[in-house]
2 protein chains.
Amino acid sequence: MLEPVTLAQVAREAGVSPSTVSRILNGTANVAPDKRVRVEAVIARLNFRPNPQAQALAGGRSLSIGVVTPSLHSTFYGEALTGIEAALNDTPYHPIVISGQWRTEREQEALNVLLARRVDAVILLGGILDDEVLRPLAQRVPMIAVGREVQGLSDSCIVMDNALGMRLIAGHLLDLGHREFAYISGAERQSDAVERKNAFLGCLQDAGLSIHPDLIQVGQYLEDGGQQAAQRLLDTGRPFTALVCANDQMALGARLTLYRAGLRVPDDVSLTGFDDVVTSRLMTPPLTTVRQAIYDIGVSAAQEALKLLDGQPAQRHVFTPELVIRESTAPPRSRP
Amino acid sequence: MLEPVTLAQVAREAGVSPSTVSRILNGTANVAPDKRVRVEAVIARLNFRPNPQAQALAGGRSLSIGVVTPSLHSTFYGEALTGIEAALNDTPYHPIVISGQWRTEREQEALNVLLARRVDAVILLGGILDDEVLRPLAQRVPMIAVGREVQGLSDSCIVMDNALGMRLIAGHLLDLGHREFAYISGAERQSDAVERKNAFLGCLQDAGLSIHPDLIQVGQYLEDGGQQAAQRLLDTGRPFTALVCANDQMALGARLTLYRAGLRVPDDVSLTGFDDVVTSRLMTPPLTTVRQAIYDIGVSAAQEALKLLDGQPAQRHVFTPELVIRESTAPPRSRP
DNA sequence: CTGAAAGCGCTAACAG
DNA sequence: CTGTTAGCGCTTTCAG
């Protein structure tokens, strides 16, 4: 299985000391042009790549950044991961991704594994861990949180303006003439779910409208949850002309329930999501939603992590969402 | 930032030598019960976790398994990744995932990065690299290929019976009475795309049917490709009552084209996919497809990789697909 | 059964 | 500008 080339071999072949090779590799110091050329030639010829484990051990850095994501097969987090991967691509760092499966213990364990692997920084995508466990963690390792607020660490948070997003949605629906709403929320333990819901309720209030508590159901941000929540909504027997979901995934689930119930979208009920996941434009009909530049958010998260590693302070980002009107919304039908 | 505990500290506190601690950690040799107990207590108290970089360097293994996936935000590969992660969970190994973005150079580079990181094995999910580049690679590092055939390495391949899957689909459609088909294929360079297409064509032939070449379009296995291919199909003006897609993602894209064209599914045209990606049951209408136990496939891939690392030979797996009849297929309408 | 000693491949002072 | 010298934290002979 072919022994890999080592730095020592390169040094020998090039007739220089290992340190010189190391310096060239890392740009740690200036090296005489002729030696540099010679060494680089040998590196190329031998196709030498430094052993990261050795670099990690000697350098005291693992050159890896841990990423905790709720799920590996989520269209939403997947895009963020792609952004993170892309942003790290031209750096010596690489991501190590572990999923938390939406379970607190798994998330905690993911963090433990990452720390045991001595990652140099960690990026948290969403997640349900308490602020109380995150704050001490941030003392031990540079940390960036995405899509969630961590009290006391707001500079390390990359969030979106959930309230604005929801106001955009509500405004659109109100403009269309809707007055009877139903709402499917994310879980209460997630700060963005709470923000979205409160913003929505606020809009209704401002419009002088109210919503019966039964017409608010929680769907855990997942497709199945949305599907079931929509069913519960229908079961109340209370009328509504617009169903707003706190994310696209739940809207997708809700769409199926509506389909099964023989309700047409948008003719019988308008449907909205939140996030603009890649598949939302492919729904039947394409979903009206609010766009989070989730790929870009991933990129920013990686960049902030890099800044932290560089000793610079992290900078809070607030992304501005954008209304994407597609075909799942229309004026309400006049009642028969 | 809190210095991590080292093995040497543990040894000192427990009053034994570092080697003894190492032996206990790895079960490399028997250790007197009293020392073992003492050491384990110290490990627990100090919450010691060995530094993987150091283990890697000293042990000559990185304890990591490289995974190359075409995409990080694919419902299909995402499930496989979840399976791999789960299977590796209770082993000392952990996955390092890099995406190839469906581009040969990126895939090649992903492999290079993985080799540079000295992964102990690599798992290839699908991918478009030539057999010619994979064969020599397998000499350098234990390798498992998922969902694709590599000539000369069939024992290292985990595949599904694509022909059977397509026969299931074709049989279902034929039974419903369909005689006029259109087909959206994956790219020719992917062996499974070819297998599926050939199987489909074979079924038609066996049924004494033929298909006009214009009614076969390629969609690259992606949503957008499916959407565009479907449009091209419609543009031919040739009639078809069933549209079979070589995977679910393209079926999703095709669904949108059909919707835009005002064609109802399944009333005007029956639509089928392949894979049974998680979102397919949520389509409107839910998609008839063929199920690949993709999560399980991921698990098997990881297990085979582990076997390879254990010095055992890999064993070829052929997964059997299963027809999932949902609501996107129905008998063809009698022509107006 | 157990300790001492020698590295794994690389980086980082420290002298020149 | 560059070579020498120590390690980084752990595993693994090699003696005992």
Side-chain angles (χ1 to χ4, degrees), chain A residues 1-40 42-43 46-64 92-93 115-120 309, chain B residues 1-40 42-43 46-64 92-93 115-120 309:
Chain A
M1 290 230 164
L2 203 81
E3 287 312 296
V5 188
T6 71
L7 179 144
Q9 286 172 44
V10 173
R12 207 173 314 124
E13 299 242 348
V16 299
S17 77
S19 350
T20 301
V21 179
S22 171
R23 285 192 265 258
I24 292 176
L25 240 36
N26 304 293
T28 319
N30 277 336
V31 170
D34 59 318
K35 298 199 176 179
R36 146 167 271 116
V37 171
R38 236 187 314 148
V39 170
E40 278 168 351
V42 178
I43 289 180
L46 266 40
N47 189 23
F48 165 72
R49 300 237 200 177
N51 180 326
Q53 274 83 39
Q55 286 184 304
L57 193 55
R61 323 170 298 169
S62 67
L63 297 179
S64 61
Y93 292 91
L115 289 181
R117 296 209 87 90
R118 310 294 200 272
V119 294
D120 297 323
L309 289 173
Chain B
M1 289 228 166
L2 202 83
E3 287 314 296
V5 188
T6 70
L7 179 144
Q9 285 172 46
V10 174
R12 207 174 314 123
E13 298 243 348
V16 299
S17 76
S19 348
T20 301
V21 178
S22 170
R23 285 192 264 259
I24 292 176
L25 239 37
N26 304 292
T28 319
N30 275 336
V31 169
D34 59 317
K35 297 200 177 180
R36 145 166 271 119
V37 171
R38 236 185 315 145
V39 170
E40 279 170 349
V42 178
I43 289 180
L46 266 39
N47 190 22
F48 165 71
R49 300 236 202 177
N51 180 326
Q53 274 84 38
Q55 286 183 303
L57 192 54
R61 321 171 300 168
S62 67
L63 297 180
S64 62
Y93 292 91
L115 290 181
R117 296 209 87 90
R118 309 292 199 273
V119 294
D120 297 323
L309 290 173

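In the text below, chain A, chain B and the rest are named by the order of the sequence lines, each starting its count at 1. Computed from heavy atoms alone, side chains included, the values below leave out hydrogens, waters and symmetry copies.
- Within a 6.0 Å radius of CZ in A:Arg38, more than 12 heavy atoms belonging to other residues, nucleotides or ligands are found.
- Nucleotide C:dC1 holds its P atom 17 Å from the CG atom of B:Asn26, rounded to whole Å.
- Distance check: A:Ile24 CD1 to A:Lys35 NZ gives 9.5 Å after rounding to the nearest 0.5 Å.
- If you measure from atom CZ of B:Arg118 to atom P of C:dC8, you get 14 Å, rounded to the nearest angstrom.
- Annotation: the span from B:Leu25 atom CG to B:Gln55 atom CD amounts to 6.5 Å, rounded to 0.5 Å.
- Straight-line distance from the CD1 atom of B:Ile24 to the P atom of C:dC1: 12 Å, rounded to whole Å.
- The nearest whole Å value for the distance from the CZ atom in B:Arg12 to the P atom in D:dC10 is 11 Å.
- Within the nucleic acid shown, B:Thr6 comes within 4.0 Å of sugar-phosphate atoms alone, with no base atom in reach, counting heavy atoms only.
- Using a 4.0 Å cut-off, no side-chain N or O of A:Lys35 falls inside it from OP1 or OP2 of D:dC1.
- Counting to the nearest Å, the P atom of D:dA6 and the CG atom of A:Leu57 are 18 Å from each other.
- The separation between A:Asn51 atom CG and C:dC10 atom P is 6 Å, rounded to whole Å.
- B:Phe48 has its CZ atom 8 Å from the C1' atom of D:dG9, to the nearest Å.
- One interatomic measurement links the two molecules: CZ of A:Arg23 to P of C:dC10, which rounds to 15 Å at whole-angstrom precision.
- For B:Asn51 (side chain) and B:Gln53 (main-chain N/O), a donor-acceptor pair under 3.5 Å exists by modelled atom type.
- DNA chain C is contacted by both B:Ala58 and B:Gly15; B:Gly15 maps to the nucleotide lying nearer its 5′ end (nearest heavy atom per residue).
- No side-chain N or O of A:Ser19 forms a donor-acceptor pair with one of A:Ser22 less than 3.5 Å apart.
- For the OP1/OP2 pair of C:dC10 and a distance below 4.0 Å, the side-chain nitrogens and oxygens of A:Gln55 include no atom meeting the criterion.
- Counting non-hydrogen atoms under 4.0 angstrom, B:Ser22 reaches a base of the nucleic acid.
- Taking only distance into account, the side chain of B:Ser19 meets the base of C:dA4 through a donor-acceptor pair shorter than 3.5 Å.
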